[in-house]
Participant: 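Here it is, the structure, as structure tokens.
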There are 2 protein chains.
Amino acid sequence: MKEPNPEVFADCPVAGVQKIVRGKWNMVIMYFLHQQTLRFGELSRKMPMVTQAQLTKDLRMLESYGLINRKVYPQVPPKVEYSTTAMGEQFMPVLTALERFATVYEAQAN
Amino acid sequence: MKEPNPEVFADCPVAGVQKIVRGKWNMVIMYFLHQQTLRFGELSRKMPMVTQAQLTKDLRMLESYGLINRKVYPQVPPKVEYSTTAMGEQFMPVLTALERFATVYEAQAN
DNA sequence: GATACAACTTATCTTTAAGTAGCTTAGGTA
DNA sequence: TACCTAAGCTACTTAAAGATAAGTTGTATC
């Protein structure tokens with residue numbers, strides 16, 4: 001989003017990371033994992049409105065973006081822990097900014 | 001996003017404004033209108049990959065959220081100007097934060 | 001032998017977002 | 001008379017995202 005003029009701005013850096021922000025649950029996941037490392041089940045219980053299938057997809061997506069870590073313990077039953085990466089922490093200001101805006105917005109909408 | 005614990009956080013303030021961030025073109029529109037007031041056609045020409053129908057929808061959506069103004073001049077052919085509202089300006093930090101993150105992200109992804 | 005556990009898959013269905021194409025309006029110009 | 005303009009609207013189609021429900025795995029306990 002550096003170039004106001006070009007007709008096609010495929011080079012816009014924001015375009016590349018927009019998917020993170022456009023996923024319905026990504027922000028919530030990042031919020032919880034920013035607070036603490038969590039197992040799949042723990043996270044799932046914090047977000048009961050999200051199905052396991054969806055949560056799996058979203059976690060994989062965030063992992064592929066390098067925002068979260070996925071640590072597997074070879075056990076039975078399985079144990080998998082999720083945590084934010086350094087890059088994931090860099091993302092937090094976006095969430096904070098949105099949260100701040102939301103607060104202002106709700107206050108005005110009375 | 002204030003409450004880490006509750007099972008259902010429908011009261012999360014972010015949920016209410018998430019739609020703004022989840023629209024594919026809303027950020028781009030806000031970016032351009034933040035720079036200057038623009039007519040529909042001018043904006044459309046800056047975003048040639050967006051059809052007029054879609055642009056109309058998105059502008060109406062942003063207007064309904066109170067982020068942009070729509071000023072109609074009763075002329076023929078019609079003239080309509082779009083600009084950001086005070087609330088719209090409050091939204092800018094979100095875009096800035098995302099832009100900053102995007103820059104860091106692209107740099108690392110090399 | 002049946003049931004339970006955690007962390008998934010897989011398949012299918014529904015919803016939402018986005019894209020495409022053509023129509024409209026009212027006055028001005030060729 | 002026909003065509004052009006700006007800023008739409010309408011109807012339709014396609015694609016993407018999300019939701020639902022059931023099945024899988026390998027131990028371990030009842």
Side-chain angles (χ1 to χ4, degrees), chain A residues 7-10 12 14-30 32-33 37-65 68-83, chain B residues 7-10 12 14-30 32-33 36-65 67-83:
Chain A
E7 300 213 310
V8 177
F9 34 53
C12 171
V14 171
V17 299
Q18 223 193 346
K19 272 214 158 188
I20 297 164
V21 133
R22 295 188 64 200
K24 190 171 181 181
W25 305 113
N26 291 344
M27 307 278 249
V28 184
I29 293 169
M30 289 307 292
F32 283 126
L33 293 186
T37 295
L38 289 171
R39 295 184 58 176
F40 182 87
E42 293 173 325
L43 191 55
S44 184
R45 257 167 269 125
K46 282 175 185 286
M47 307 169 66
M49 71 291 283
V50 187
T51 61
Q52 289 191 330
Q54 191 61 40
L55 187 55
T56 299
K57 273 187 218 165
D58 293 343
L59 287 168
R60 292 296 153 84
M61 198 262 230
L62 290 170
E63 189 195 3
S64 79
Y65 270 82
I68 64 173
N69 277 316
R70 179 167 184 271
K71 186 171 180 183
V72 183
Y73 294 84
Q75 301 178 354
V76 172
K79 173 178 174 179
V80 181
E81 279 184 352
Y82 293 93
S83 57
Chain B
E7 302 213 310
V8 177
F9 36 52
C12 171
V14 171
V17 300
Q18 222 194 347
K19 274 213 158 190
I20 297 164
V21 132
R22 295 190 63 199
K24 190 170 181 181
W25 306 114
N26 292 343
M27 307 277 250
V28 185
I29 294 170
M30 290 306 292
F32 283 127
L33 293 186
Q36 59 184 310
T37 295
L38 289 171
R39 295 184 58 176
F40 181 87
E42 292 173 324
L43 191 56
S44 183
R45 257 167 270 126
K46 282 174 183 288
M47 308 169 65
M49 70 290 281
V50 188
T51 61
Q52 289 192 332
Q54 191 60 41
L55 187 55
T56 299
K57 274 186 217 166
D58 293 342
L59 287 167
R60 291 298 151 82
M61 197 262 229
L62 289 170
E63 189 196 2
S64 79
Y65 270 81
L67 298 199
I68 64 173
N69 278 316
R70 179 166 183 272
K71 186 172 181 183
V72 184
Y73 295 83
Q75 301 177 355
V76 172
K79 173 179 174 178
V80 182
E81 279 183 354
Y82 292 93
S83 57

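Here is the naming used below: chain letters follow the sequence lines, and residue numbers restart at 1 for every chain.
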Participant: Specify the separation, in whole Å, of atom CE of A:M49 and atom C1' of D:dG18.
Facilitator: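 After rounding, the gap between these two atoms is 14 Å.
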Participant: Can you tell me if B:S44 uses its side chain to pair, donor with acceptor, with the backbone of B:G41 under 3.5 Å?
Facilitator: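 Here the side-chain-to-backbone pair does not exist.
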Participant: Give a yes/no answer on whether the side chain of B:K19 brings an N or O atom under 4.0 Å of OP1 or OP2 in C:dA17.
Facilitator: yes
Participant: Could you tell me the separation between the CZ atom of A:R60 and the C1' atom of C:dC8, rounded to a whole number of Å?
Facilitator: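 About 7 Å, once rounded to whole Å.
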Participant: Quick one: on DNA chain D, does A:G23 or B:P78 contact a more 5' nucleotide (nearest heavy atom)?
Facilitator: B:P78
Participant: Can you tell me the distance, in whole Å, between the CD atom of A:Q54 and the P atom of C:dA7?
Facilitator: 18 Å
Participant: Keeping the roles fixed (side chain from A:R22, backbone from B:R22), state whether a donor-acceptor pair exists under 3.5 Å.
Facilitator: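 Such a contact is found between A:R22 side chain and B:R22 backbone.
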Participant: B:W25 has a side chain; which of D:dA21, C:dC8, C:dG19 sits nearest to it?
Facilitator: C:dG19
Participant: Between D:dA7 atom P and B:E81 atom CD, what is the distance in whole Å?
Facilitator: 9 Å
Participant: Between A:Q52 and B:V50, which is nearer to the 5' end of DNA chain C once each is assigned its nearest nucleotide?
Facilitator: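 The 5'-side residue here is A:Q52.
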Participant: Between A:V76 and B:F40, which is nearer to the 5' end of DNA chain D once each is assigned its nearest nucleotide?
Facilitator: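 Mapping each residue to its closest nucleotide by heavy atoms, the 5'-most match is B:F40.
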Participant: Looking for any heavy atom pair under 4.0 Å, which part of the strands does B:T51 touch: base, sugar-phosphate only, or nothing?
Facilitator: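 Here B:T51 touches the bases of the nucleic acid.
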Participant: Between A:Y82 and B:K24, which residue's closest nucleotide on DNA chain C lies nearer the 5′ terminus?
Facilitator: A:Y82
Participant: I need the CG-C1' distance between A:D58 and C:dC8, as an integer number of Å.
Facilitator: 14 Å
Participant: Just how far, in rounded Å, is P of D:dA17 from CG of A:L62?
Facilitator: 13 Å
Participant: Using OP1 and OP2 only, check whether a side-chain N or O of B:R39 sits under 4.0 Å from D:dT5.
Facilitator: no
Participant: Considering just the side-chain nitrogens and oxygens of A:R70, establish if one lies under 4.0 Å of OP1 or OP2 belonging to C:dC8.
Facilitator: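 Indeed, a polar side-chain atom of A:R70 lies that close.
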Participant: Distance check needed: C:dT16 P versus B:R22 CZ, whole Å only.
Facilitator: 11 Å
Participant: Flag the pair B:N69 / B:E81 as yes when at least one side-chain heavy-atom distance between them is below 4.5 Å, and no otherwise.
Facilitator: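 SC-SC contact between B:N69 and B:E81 ruled out.
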Participant: Rounded off to whole Å, could you give me the CD-to-P distance for the A:Q75 and C:dA4 pair?
Facilitator: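 The distance from CD of A:Q75 to P of C:dA4 comes to 22 Å, rounded to the nearest Å.
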Participant: Using atom types as modelled and distance alone, determine if a side-chain donor or acceptor of A:E42 lies under 3.5 Å from a backbone N or O of A:R39.
Facilitator: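 Looks like yes, one N/O pair under 3.5 Å.
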Participant: Taking all heavy atoms of A:L55 and all of A:V50, pick out the closest pair and write down the distance.
Facilitator: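 Closest pair (atom of A:L55, atom of A:V50, distance): N-CG1, 3.8 Å.
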Participant: Contact class for B:K79 (heavy atom, under 4.0 Å): base, sugar-phosphate, or nothing?
Facilitator: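 If one applies the 4.0 Å heavy-atom cut-off, B:K79 turns out to touch the sugar-phosphate alone, with no base involved.
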